[in-house]
Amino acid sequence: MKTHALHNLHLVTGKVSMALAWLLVLAVSSSSPAHAQETWRLDPQLSIARLSLGSGSNALEIGLARVSGVVVFDSNDPTDPSVNLEITPGDDTGGEYAKMRFTSKRSVMTRDGKLIVTGDLSVTRIERSVTADPNEAYAGPQFGDPVAHTDARQITLAFDDPRGFLAHHGTKPLAGTTSAIREDFPRLLDVLTLDDWPTVLVNDKKCEAPPTVGEDYSGVKCSGTEIAVVSNTEVPTGVGEGYYGFPPAVAPDHNHATITLNLRLTQISATPSVVSKAESAGH
């Protein structure tokens, strides 16, 4: 009898101890301050990349690209955001084109207020054979199956301090830049040198062919809202009968490249997250 009573007492004591332990865990968790993750999506209609070859006074802006992606800030450490970007030429692609994807790994804030984000930049070049056979039934070039060539390297993006820009109507800007040399990232230099990147970016682009084609035909007419144009200085190459266009004023060094980002972020969520001290200690 006595042994049975002691056994029951141990069971009750054990259940009480477990209940107290759970209450202690809940108390510790609830006392930990909550933090939030703010997710901002890039507006691909207003986020652009300016692509340049060369450096210093011999730099030449050779094209533009659209940028899409997501940036996630954590209120516990706003200087270490998660950055995922995709850089593409937009809709103006032909038989061969390139695209880039950046995924951040770590970030640090410098003393001069720059947010330095280190991560992997993956560069993919799409190559397709093109067949053009102009005849009465010609409907444009015919492209073969795409073949992708990809290479990735670690790069560093230097952003302006995002804390210095207040959100306006749920949006805010973010500007950054990165540079590379051919020795460190040959495929990046190749896609900037070989591919025809857009020199003008237009939103709501609409193109119409004239109803009739005559001697004064000058091609398809397009309209839309221009959001960016390359900022190169050009000079005429001749006058009179010898005139043949406006080439760039400088010949860039094809061994050095710079990508300048002008991004427009739109907030899409702010998710609160509560982490207990025990979980924080475990990390």
Side-chain angles (χ1 to χ4, degrees), residues 21-51 65-88 99-123 151-180 184-185 188 257-283:
W22 277 109
L23 288 173
L24 180 60
V25 170
L26 290 174
V28 170
S29 298
S30 61
S31 63
S32 299
H35 67 279
Q37 286 188 334
E38 293 184 357
T39 302
W40 296 75
R41 177 168 291 154
L42 274 66
D43 184 346
Q45 296 293 304
L46 298 174
S47 299
I48 66 171
R50 294 184 175 273
L51 313 174
R66 293 191 184 272
V67 189
S68 58
V70 172
V71 179
V72 180
F73 293 96
D74 193 316
S75 62
N76 272 9
D77 189 1
T79 64
D80 189 16
S82 171
V83 181
N84 291 277
L85 308 176
E86 185 166 0
I87 303 172
T88 66
K99 59 183 179 179
M100 306 176 224
R101 183 181 296 273
F102 175 78
T103 303
S104 65
K105 289 183 175 180
R106 58 187 179 276
S107 306
V108 64
M109 186 69 70
T110 63
R111 291 183 178 180
D112 59 353
K114 292 290 185 180
L115 177 63
I116 307 300
V117 181
T118 301
D120 291 331
L121 180 68
S122 174
V123 176
D151 194 10
R153 293 285 191 277
Q154 181 172 286
I155 67 165
T156 298
L157 280 168
F159 287 102
D160 294 338
D161 188 347
R163 299 172 301 179
F165 298 98
L166 297 177
H168 182 66
H169 297 302
T171 67
K172 67 178 177 180
L174 185 63
T177 185
T178 186
S179 297
D184 294 336
F185 205 163
L188 174 60
T258 299
I259 301 175
T260 302
L261 302 174
N262 295 302
L263 312 178
R264 178 68 59 174
L265 308 181
T266 300
Q267 187 172 13
I268 60 174
S269 70
T271 306
S273 175
V274 178
V275 180
S276 69
K277 292 180 180 179
E279 289 176 326
S280 299
H283 292 292

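- Closest approach of L121 to F102, counting heavy atoms only: CD1-CB, 4.1 Å.
- Checked against side chain to side chain donor-acceptor pair (under 3.5 Å), D77 has the following partners two or more places apart in sequence or in another chain: T79.
- Residues satisfying the side chain to side chain contact (heavy atoms under 4.5 Å, CB included) criterion with A257, sequence neighbours excluded, are L53, L189, L192.
- Taking CD from E86 and OG1 from T103, the interatomic distance works out to 10.0 Å, rounded to the nearest 0.5 Å.
- A heavy-atom distance below 4.5 Å is found between the side chains of L263 and F159.
- In this structure, CE on M109 lies 9.0 Å from CD1 on I116, to the nearest 0.5 angstrom.
- Residues satisfying the side chain to side chain contact (heavy atoms under 4.5 Å, CB included) criterion with T178, sequence neighbours excluded, are I155, L157, I259.
- V72 meets the side chain to side chain contact (heavy atoms under 4.5 Å, CB included) test with Q37, T39, V70, S82; sequence neighbours excluded.
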Run the side chain to side chain contact (heavy atoms under 4.5 Å, CB included) check on L174 and L42 step by step: do they pass? CA-CA 10 Å; L174 185 63; L42 274 66; over 6 Å; no
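- Here the side chains of L46 and T171 are not in contact, with every heavy-atom distance at 4.5 Å or above.
- Taken from NZ in K172 to OG1 in T266, the straight-line distance is 11.5 Å, to the nearest 0.5 Å.
- With sequence neighbours excluded, the residues satisfying side chain to side chain donor-acceptor pair (under 3.5 Å) with D160 are K114.
- Residues M100 and S122 have side chains not in contact (no heavy-atom distance under 4.5 Å, counting atoms from C-beta outward).
- Shown here for A65 and T88, the closest heavy-atom pair between the two residues is CB-O, 3.2 Å.
- You'll find the side chain of L115 reaches within 4.5 Å of the side chain of P81, heavy atoms only.
- Counting only heavy atoms from C-beta outward, the side chains of R153 and D184 never approach each other to under 4.5 Å.
- Proximity of a side-chain donor or acceptor of R66 to a complementary backbone N or O of P44 within less than 3.5 Å is detected.
- Within the model, atoms CG of D43 and CD1 of I48 stand 12.0 Å from one another, a figure rounded to the nearest 0.5 Å.
- Using a 4.5 Å heavy-atom cutoff, the side chains of V123 and D151 are not in contact.
- Judged as a side chain to side chain contact (heavy atoms under 4.5 Å, CB included), and not counting sequence neighbours, the contacts of K105 are D120, Q154.
- The backbone N or O of S107 lies less than 3.5 Å from a partner atom in the side chain of D80, making a donor-acceptor pair.
- A pairwise comparison of heavy atoms in W40 and Q267 identifies CE3-N, 3.2 Å as the closest pair.
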